[in-house]
Each structure stands twice: as structure tokens, then as C-alpha cells.
Amino acid sequence: MKIASVIVDVAVMQTDRPFDYEIPPAWEDVIQPGMRVIVPFGPRHVQGFVLEIKEEQESRKLKPIVEPMDIVPVLNKELLSLADWLTAESLCFKISALQVMLPAAMKAKYSKQIRVTGFAPLSLSVQSLFNGRDEIAWEEAAEAGALSEIRKEVKKGSLDVLYSVKSKGRKKTVRMVKCRLSEKLLNETVQSMPKNALKQVEAMQFFLGRTGEWIPLKETGMSSAVAKALIDKELLEEKQEEMYRDPLAGRTFTPDTPLVLTDMQQAAIEPILEKVKEEKAETFLLHGVTGSGKTEIYLQSISEVLKKGQEAIVLVPEISLTPQMTDRFKQRFGNDVAVLHSGLSTGEKYDEWRKISRKEVKVVVGARSAVFAPFENIGLIIIDEEHETSYKQEENPRYHARDVAIWRAGFYGCPVILGSATPSLESFARAQKGVYTLLTLAERVNDRPLPAVDIVDMREELREGNRSMFSRNLFDKIKDRLEKGEQTVLFLNKRGYSSFIMCRDCGYVPECPNCDVSMTYHRHRHQLKCHYCGHEEPSPNVCPECTSEHIRHFGTGTQKVEEELLKLLPEARIIRMDVDTTGTKGAHERLLKKFAQKEADILLGTQMIAKGLDFPDITLVGVLSADTMLHLPDFRASEKTFQLLTQVSGRAGRHTLPGEVVIQTYTPEHYSIQLAADQHYESFYEQEMQMRKMGGYPPFYYLALITVSHEEAIMASSEANKIVMNIKPELSPAAVVLGPVASPISRINNRYRWQCLIKYKREPKLGAVLKQVLEHYAKQGKSNGLMVSVDIHPYVLM
DNA sequence: AGCACGCCGACT
DNA sequence: GTCGGCGTGCTC
């Protein structure tokens, strides 16, 4: 008999293995590895992925597959083995690794119906619930509080529970109609149709000269009632045609042509093209200062790949997946490009995915998850802004897109380009060691100078009596640009946009009742919100501790900056970009467009404006507080600060007008600020490498983070201790185990969190040991309420 | 994760 | 004596 081994859609340790199912003879030629199927699992039906198909001589009693969910496999052999690797690397469940490769629309949606069997009579109360129908939704019975009643009926055999599985996403279709008559017959019919059927005659006349042609119903102008009548009369025929939702509808792209490369660009692209030609896997680190023309190198490398009939994947950080960026790919490669980003609806993403899967496009530009694009002949993978932390997924499977890209490139034998003006220390260190090949673009295209950078010591400002958030230096320069009609970008180096409130009299700061974090103030709704558990409450007008009315809205959010700016420069036209103003679809694009068209003088924003902005009239960039990020409990704080400041500075003076940058800080002596001002990557690298070496952090050590949580602090800490005791003897003496200590965020959702950090260089057994820990707590933990999670190569240590 | 089965307290 | 609480164990 033919047997399929299937991974079921139940993400827990106990079901994290293949289950065997009989393939019914009817599906024997249909079902293949990589397909989704519906299988019975216990009393219900669930979605599953076929891993392999086996032929067995002896028949055994297995449940049969209910039905396939796909006509062709959604995951090919390569992606299936990538899932194996992901599972092992990130210690996730196999099902999570499989799901992450597919668009959300292909997740299963489960529902239950209750059906009358007719085998036995129904009780009166249940009869009235069904009210003549022979099937109702489970939820309806639940709402009516009739579940126990229903259960009894099911036992009696008078009712049945149906479990259904559906794919979430729908293919979008359009109704098409065609006239079935010949031209001659149509003419006659139009004449002979009853005169009172005016609309029908009108509709049929539309088809004169287009008989036999499929036309979207919409274009014929007839109503659906008319269409129905004509179809019933067999004058028309209809069908549903599958179509793609078009996220770029109404946008046109002026095709562009390759630019002439500078000598430096030429030198950088040659080794890449060579590997493309040889079809050899090699990872290049393309280190190019801002404005040095990395994108053109990407574009021309891709061109070469397409010429060979191969495909290319381009990863871009979500935050810079702006039209400005994607348009360049669209302009160069037109309809060969699919774009995947979070701004698309589930359906739109599904459509883009299908275009890729059917090989209707050759290039994918997208955020992290686009690294799983189901191409089968990849010739190049590019990761732009390689250092961005958003390439690491912070939920299971906790993968890094860079690692996945390199794996896939190994499979297909193709190069990977990691591009950045400020490479991550990990990547640059690998380039130094020769693991990656370093390519350098040291100068801006056309020799445009890097902008001049002023560092302003805000302590000094304060000492001299300037208590505003703008230093005199920055303020004068903003005023100057206003007068000259040039543009300014003001950057608030702050995670998010949020502020908190504090009582000025007693210093009370409202904290989330469930989590150990202060709450975020949302001005538009005058609410306090917790970003970790979602708890919300009205913002108090009186201090709950001391009843003082002096409540200060603390933390300089962009809104506050905007207000103060307007006070000082009422004539300035300001565009504010933060989570509040870019929440709606397309808002991001709209605001940037406004700025590009010079409808504003100042663009004020957070992280999201640090990248990709490339407007000729930006001649001033101001960083309001460069060091807010520096004091986070994160060994990467300096690196992040350096990267951000360098990126932001790169926004100024990219065209003919020279640029200036003002960086305001309370710690002007810090090397990450000093060296970012000098745009001196190598020096920063050297300096930071020393710090990492001393601290025993990456790239000198790898990290693994174990987090233990429990409702009782004691339990979390004692179990974390036990774990450490158990792990330590399994590791080599070279490994360092830090902690356990309480997590920086010591409580989330009423669960206390303890963590321990393992630093290691080579621990072949570590994966197995950690898996054991997870398995142990999956069994035990369920009853004692303990949760344990493991993050290999973590980016968030909180 | 669901869901069934099973074993103990408060109700008609 | 039954209803329903949630501990335990299983799902090809």
C-alpha cells in the first residue's frame, strides 16, 4: 500500500513527528511530497504536509488521507530539506518551519458544524435550536449554551460533529461571460427577443461583433440579474476566471536603463558576475558608503542572472520597503518583479506568492520572509542593509534570513550579496577571516562629498541656559534652510514614537499591572497602553499615588517635537512620520511623496526615515538625541547607534547641494558617536571588536538565550537554576553560562521571567542538550505551568 | 492544541 | 443518584 508520512498542523512537542496515512487509490497519482492534505487526527480533521511517500508490502491499519488541498506541491524538495535544517538550527517544531515558508493565506482555518443524522429523534430543545435546518455552526450552539445537550445527542447518534479544514486565502476571481451564438444567430436573436426585455436586448447587443469572446461581466455593463436570465436561456455562458489582485494598480513605471558603472563599482561587480557565471556559492560582503551606488550593482548583477534564465531574490528591511526602493527594481525589470511586504493584504501576498511559484516572475523584492520564495533555479540572493536586525525573526522559528539565504545559495550554487554601509560586526569579521569575500565601495558616486557633521554637546547647551530640545546650532541651521527653501530631515533616535507619563510631585510612573514595564501614553485616545500584553487604561489626570494634578507627559515623542518646532517656527511646514501618521495603508508613501514634491520643509520622524530617503533638496539632517539608544541593556547598543547615525547622516547632500548634519547628544565623547560623525567604519569596527572581545560577545562567541517563565517568581528562578545545573556539565569548559538572572523585563503578562545566556565557540552537543531541556519541560511543564524558550543567536536579550 | 475519558464534589 | 469540574493521555 502507498503511505504518506505527514506533519500535522499541531505545534506541540508531542506531535512534532511524522504520522503515517494511507493514500486512497483515487489520490495515488495525485499526492506528492510538499503538498498540503487534510487528514483525520484524533476525532477531528487537520491540515498536514506530506513529507514523503512510501510503498509498503504489508498493509497496516492506517487512517486514509481525507483529501489533498493542493493540485501541485506547494513546497519543493529543496524547501522541504530547508525545513529540516531550520528545525534543527532553531529548535522549532517541524510544522512551524513548514508554515513559515508559505504565505499566511495558506494557513488552515478550522471550523466545526453540527449536523442532524436522522438516525435517532432529537430532543425538543435541540430541535428548536436547529429550527428546521440540518446543520448549524458549532459557535451557534455554544452561544445558545446547548453544548452539553448536543453532546448527549451525539452519543445517542442523532447528531454528528463535522470538522472542516479550509485554506484561509481565497483566489480572487472575476465572472466572465461569452456569447454562445454565432454572429448571424445573435443578430436574429436580438431582433426576435421580446420587446419588454429591454435590458436583455441591450445586453445582447453588446456582443455584436464579439461573439465567442470571453469578456469580464463588469465590462458588459449588464446587471447580474440580466446575466442570470441570459445564461438560463443559454444565450450566454459564464465562467470564473482566476485573477491577481494588483497592489500596484494605477502606478506606471518608466523603464530605466543600466547606468554606467564607475571604476570602483566595476571592480566590485566583477567577482560577483564571475560567480554568477560559474554558478558557485560564495558570500560577498559589499561594503559601500551611503550613496556609493550599491543598488546599481544589485540591478546589474540581477540582469546577468536573468539573462541566464535564472531567478533572483532581493531582501530589504521592512522599514525601507518603500516605493522609492522597489520602484527601481520595477523600472529595470518591469513585470518580472514581485514585491512582498507587510503593507500588502493577506490576499495580495498570496497572489504575489503564486506568481513566484508559477515562475511568472523572475525577481522577488521583499522583507525577511521573501527569503523563502519558491523559486527553483536561483542565481543570486541579495540582502540589502545586511546589518538590520529585522532579518532575525523573533518568533518561532527564530531564523535569520542571512543564514537561510546562505543555505539556499549553497543548494543552488549561487552567490549571495550582503550589502551595507555599516556591516554587522559578525559579517565584517567573517569577511576579515575570508569566510565572506569583501568588496568595498569607498566613495560616493560622482565624488559627492560626505556631509559635514557637527556634534553638539547638549549638556553644554543646558549649562548655558538652553532648555529646549533644539541646540542653538541646529536651530540656526533649520532657520537658514527655511529661508533658502531647502529641506531638513529631523530624526528622533528613539525606539517607537511613544512617551510615558510621570507625576512631577512624587515621581510616580504608571506601570502595566501585568508586566514589568512602564506604560506608553497614546495621546489621540488619551490612553495608557502596554506594548507587551496589550493592556489598556485611561490616562489619569490626577496622580493615583499622591493625587497631584501635575502630570508630565514625558519622553520626547515626535508629536512633542512637532509642537515645539511649530512654536519656534510657526511658518515651517512639517511632515511627521511615526507609527501614528503612517498607520493607514499607503500613508507612508503619500507622506514621502508630499515631501518629495516640496510641500513641506521639514520631515520629522523615527527610525523609519533613516533609510532610503533620497531627495535632492535635503541639505540638513538633525539627530535630536543620539544617545537614547546607547543606554539600553544590549551589547549591540553601540553598534546600533553607530549604524543609525551613519545611515541618517547619509540622507544629506546626496545630490548637487552639499549636506550638513547636526548630531545632538549628552555623551559626545562616545566612540560610536564620534566615529559615526567621521563616517569611519573601520575604526569603529576595530574599537567595537575590542569591546566584544573583552565582554565575550559575538563575533567572538556565539550566544544562546534560555528564558524560563512562571506565574511565581520563585518557580521561575529555581527552575532556571536547575536548567543551568543540568546544562553546565554537558558543555565544554570553554563555554560560559551567565545567570540565571531575572530578565530585564522581569514580568510579562503576569509571568515572571528568568533567563540565562550561554556563550560558546564550539559546542557540537549544545543543540541536542537544549532540545532535551525543551522536551523535558514540554512534558513536565504543562502540569506545573512552566514555560521554557530557547533563542539561538538572539538579537533581543530582554 | 483539542478532545475524550475518568474520577471526585454539589445539585434535582 | 447525575452534572460538570479539570487532571491525564493520545492523536497514524
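The model shown is predicted, which means the values in this text are computed figures rather than measured ones. In what follows, chains are A, B, ... by sequence order, proteins preceding strands, each numbered from 1. What's counted below: heavy atoms across the whole structure, side chains too, no hydrogens, waters or symmetry copies.
Residue contacts for A:Y163: at a heavy-atom cut-off of 4.0 Å it reaches the sugar-phosphate backbone alone, with no base atom in range.
Across residues 37-46 of chain A, A:P43, A:R44 each have a non-hydrogen atom less than 4.0 Å from an atom of DNA chain B (numbered order).
As a whole-Å value, the separation of A:K94 NZ from C:dC12 C1' is 16 Å. Computed from coordinates, the A:K63 NZ to C:dT11 C1' distance equals 7 Å when rounded to whole Å. The distance between atom CG of A:D9 and atom P of C:dT11, rounded to the nearest whole Å, is 18 Å. Here the C1' atom of nucleotide B:dG2 and the CH2 atom of A:W138 are 11 Å apart, to the nearest Å. Distance CZ (A:R151) to C1' (C:dC3): 11 Å, rounded to an integer number of Å. As a whole-Å value, the separation of A:E22 CD from C:dC12 C1' is 11 Å. The nearest whole Å value for the distance from the NZ atom in A:K152 to the C1' atom in C:dC3 is 9 Å. The CD-P distance, from A:Q14 to B:dG2, rounds to 13 Å in whole Å.
The cationic atom of A:R44 (NZ for Lys, CZ for Arg) does not lie both less than 6.0 Å from the six-membered ring centre of A:F41 and within 45° of the ring axis. Geometrically, A:R762 does not engage A:Y760 in a cation-pi contact, judged by NZ or CZ lying under 6.0 Å from the ring centre and within 45° of the ring axis.
Side chain of A:R408 to main chain of A:V371: a donor-acceptor pair is present (N/O by atom type, distance under 3.5 Å, no hydrogens or angles). A:Y110 places a side-chain N or O within 3.5 Å of a backbone atom of A:Q47 that can act as its donor or acceptor partner.
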Could you go through A:D791 and A:T707, starting from their C-alpha distance and side-chain angles, then the distance that decides it, and tell me whether this counts as side-chain contact (heavy atoms from CB on, under 4.5 Å)?
CA-CA 8 Å; A:D791 189 352; A:T707 306; over 6 Å; no
Decide side-chain contact (heavy atoms from CB on, under 4.5 Å) for A:V100 and A:Y399; before the verdict, give the C-alpha distance in whole Å, the side-chain angles of both, and the deciding distance to 0.1 Å.
CA-CA 10 Å; A:V100 78; A:Y399 69 93; 3.9 Å; yes
For A:K156 and A:E153: C-alpha separation, side-chain torsions, deciding distance, then whether salt bridge (charged side-chain N to carboxylate O under 4.0 Å, His left out) applies.
CA-CA 5 Å; A:K156 262 168 55 189; A:E153 296 289 330; 3.2 Å; yes
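Contact annotation: A:K112 reaches the phosphate of B:dC3 (side-chain N/O to OP1 or OP2, under 4.0 Å).
Candidate nucleotides B:dA1, B:dC3, C:dC12 were compared by shortest atom distance to the side chain of A:F19, and C:dC12 ranks first. In the set C:dC12, B:dA1, C:dG4, the nucleotide with an atom closest to the side chain of A:S148 is C:dG4.
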